[in-house]
Amino acid sequence: MDNLIIETRQLTKVYGEQTAVNKVNLHVQKGRIYGLLGRNGAGKTTIMKMILGLTSVTAGEVDVFGQNIKGNEKRIYPRIGAIIETPGFYPNLTGAENLEIFAKLRGTSNPNAIKNALEVVGLPYKDKKIFSKYSLGMKQRLGIANAILHDPELLILDEPINGLDPIGIAEVRKFIRDLCVEQGKTVLISSHILSEIALLADDIGIIHNGILLEESSLKELQKKNSKYILLQVSDTAKATLILERKFHIKEYSVQDTHTLHLYDTALDIGEINKALMLENISVTGSQFCNDTLEDYFKKVTGGKGIA
Ligand SMILES: Nc1ncnc2c1ncn2[C@@H]1O[C@H](COP(=O)(O)OP(=O)(O)OP(=O)(O)O)[C@@H](O)[C@H]1O
Ligand SMILES: [Mg+2]
């Protein structure tokens with residue numbers, strides 16, 4: 001994989017007796033949206049905090065922009081925008097006033113930075129409403145505006161869609177995608193909601209009990225969940241020989257000694273059953289399947305599911 005913006009190697013965090021993050025090798029590519037998907041307590045926030053230097057690393061390494069974070073903090077962190085948990089805004093100031101403070105702290109020189117950031121997240125610039133009167137969704141948006149204020153190349157957003165209504169979620173999804181497509185930004189985003197990640201991310205990492213179970217592009221994942229015919233037979237080795245020789249079937253996978261998946265769903269199952277029986281292979285079941293991503297995640301996370 002070329003052009004890695006974040007790479008972790010064997011990244012590990014131990015809290016007392018508990019290994020919250022266990023030897024994680026994460027690969028976030030330039031200009032892409034990487035969705036870190038996992039249930040509550042999976043280790044998403046801890047990974048992000050370690051990347052951002054907000055908590056110590058027990059073992060392993062983190063590279064950001066091709067440099068190890070150790071010793072390069074001053075070069076790396078100004079190029080990142082992040083929301084981890086709720087940012088501390090002043091309750092008695094408006095959104096724009098809050099952002100002015102953060103802009104000054106960060107030395108943001110662009111005079112239009114605040115206006116631009118608020119526009120991206122869909123908050124009014126000239127609004128008298130103070131932060132304490134904001135709805136949860138508005139607070140979330142201001143958090144994102146704050147993260148993009150200094151025009152960072154990399155955004156690390158921990159569950160940015162929590163608390164948003166469905167329209168808000170769609171809007172946030174759109175502007176995150178625009179930041180990526182139009183401005184070439186790289187995004188690492190976490191969520192425990194599979195459908196959200198599936199609609200937004202280019203690449204997905206599934207984290208479960210601190211372990212990165214799978215890392216792949218959404219396209220690859222979707223391929224694994226195509227339609228297929230599930231065939232249960234007494235002997236898959238013999239059955240595949242017949243399928244290949246007699247029916248010229250090549251698009252299949254052997255799941256275990258008794259289960260086959262045939263990916264050409266236009267096949268005549270009756271004919272196949274007959275041919276197999278003639279060869280003394282008993283067919284104990286056949287059915288059309290259409291696995292969803294949800295089914296897949298349930299499978300990889302040990303049957304418990306994600307969302
Ligand atoms: N400061 C801490 N001290 C001790 N244990 C912690 C600490 N922070 C997190 N943990 C534990 O580490 C594990 C991973 O937590 P983490 O917050 O990274 O999960 P998460 O995937 O972000 O979950 P959520 O979806 O609930 O935000 C959890 O079991 C949590 O209890
Ligand atoms: Mg978390």
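Counting convention: from 1, in listed order, for ligands and their atoms alike.
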Worksheet item: Should the pair Phe131 and Tyr134 be assigned to parallel (<30°), tilted (30 to 60°) or perpendicular (>60°) ring geometry?
Response: tilted

Discussion item. Could you enumerate the protein N, O or S atoms under 2.8 Å from the Mg ion (ligand 2), written like residue then atom name?
Written reply: Thr45 OG1

Fill in: Test side-chain hydrogen bond (donor to acceptor under 3.5 Å, both in side chains) applied to His192 and Arg39, Lys44, Glu159, the passing residue
Glu159

Discussion item. Run the side chain to side chain donor-acceptor pair (under 3.5 Å) test on Ser253 and Tyr263 for me, step by step, so that the C-alpha distance in whole Å, both residues' side-chain angles and the decisive distance to 0.1 Å come before the verdict.
Written reply: CA-CA 8 Å; Ser253 65; Tyr263 296 103; 2.9 Å; yes

Output a table of donor-acceptor pairs, distance under 3.5 Å, between side-chain atoms of residues 46-57 and any protein atom two or more places apart or on a different chain; print 'none' if there are none.
unit_1, atom_1, unit_2, atom_2, d
Thr55, OG1, Lys13, NZ, 3.1
Ser56, OG, Lys13, NZ, 3.1

Practice prompt. List the atom of Leu221, the atom of Ser216, and the distance in Å for their closest heavy-atom pair.
Written response: CG-OG, 3.5 Å

Worksheet, complete the sentence: Ranked by distance from atom 12 (O) of ligand 1, the top protein heavy atom is Ala20 CB, 3.2 Å

Worksheet item: How close do Ser190 and Asp158 get, heavy atom to heavy atom, and via which atoms?
Response: OG-OD1, 2.5 Å

Item to complete: Nearest heavy atom to atom 24 (P) of ligand 1 wins, so pick from Ser191, Gly43, Gly41.
Response: Gly41

Worksheet, complete the sentence: Here the pair of heavy atoms bringing Leu142 nearest to Phe89 is O-CZ, 3.7 Å

Fill in: Heavy-atom nearest neighbour in the protein, as seen from atom 25 (O) of ligand 1, with distance rounded to 0.1 Å
Lys44 NZ, 2.7 Å

Fill in: Polar side-chain atom of Gln140 near backbone of Asn162 as donor-acceptor pair, under 3.5 Å
yes

Discussion item. Heavy atoms only, cut-off 4.0 Å: how does Arg39 contact ligand 1, side chain, backbone, both, or neither?
Written reply: backbone

Worksheet item: What is the closest protein heavy atom to atom 1 (N) of ligand 1, and at what distance does it sit?
Response: Tyr15 CE2, 3.5 Å

Discussion item. As an exercise, identify every atom of ligand 1 less than 4.0 angstrom from a heavy atom of Thr45.
Written reply: 17 (O), 18 (O), 20 (P), 22 (O), 27 (O)

Discussion item. Is the ring pair Tyr228/His261 parallel, tilted or perpendicular, if the boundaries are 30 and 60 degrees?
Written reply: parallel

Fill in: Ring-face cation of Arg79 near Phe65 (centre distance under 6.0 Å, axis angle within 45°)
yes

Item to complete: Would you please determine whether Glu159 falls within less than 4.0 Å of ligand 1 on a heavy-atom basis?
Response: yes

Worksheet item: In the protein, which heavy atom is nearest to atom 26 (O) of ligand 1, and how far is it?
Response: Asn40 ND2, 3.2 Å

Worksheet item: To the nearest 0.1 Å, how far is atom 29 (O) of ligand 1 from its closest protein heavy atom, and which atom is that?
Response: Gln18 NE2, 2.7 Å

Discussion item. Looking only at distances, can you tell me whether any N or O atom of Gly38, backbone or side chain, sits closer than 3.5 Å to an N or O atom of ligand 1?
Written reply: no

Worksheet entry | Protein contact of atom 16 (P) of ligand 1 - nearest heavy atom, named by residue and atom, plus distance | Thr46 OG1, 3.5 Å

Worksheet item: Only one of Lys30, Arg32, Lys219 forms a salt bridge (Lys or Arg N to Asp or Glu O under 4.0 Å) with Asp203, so which one is it?
Response: Arg32

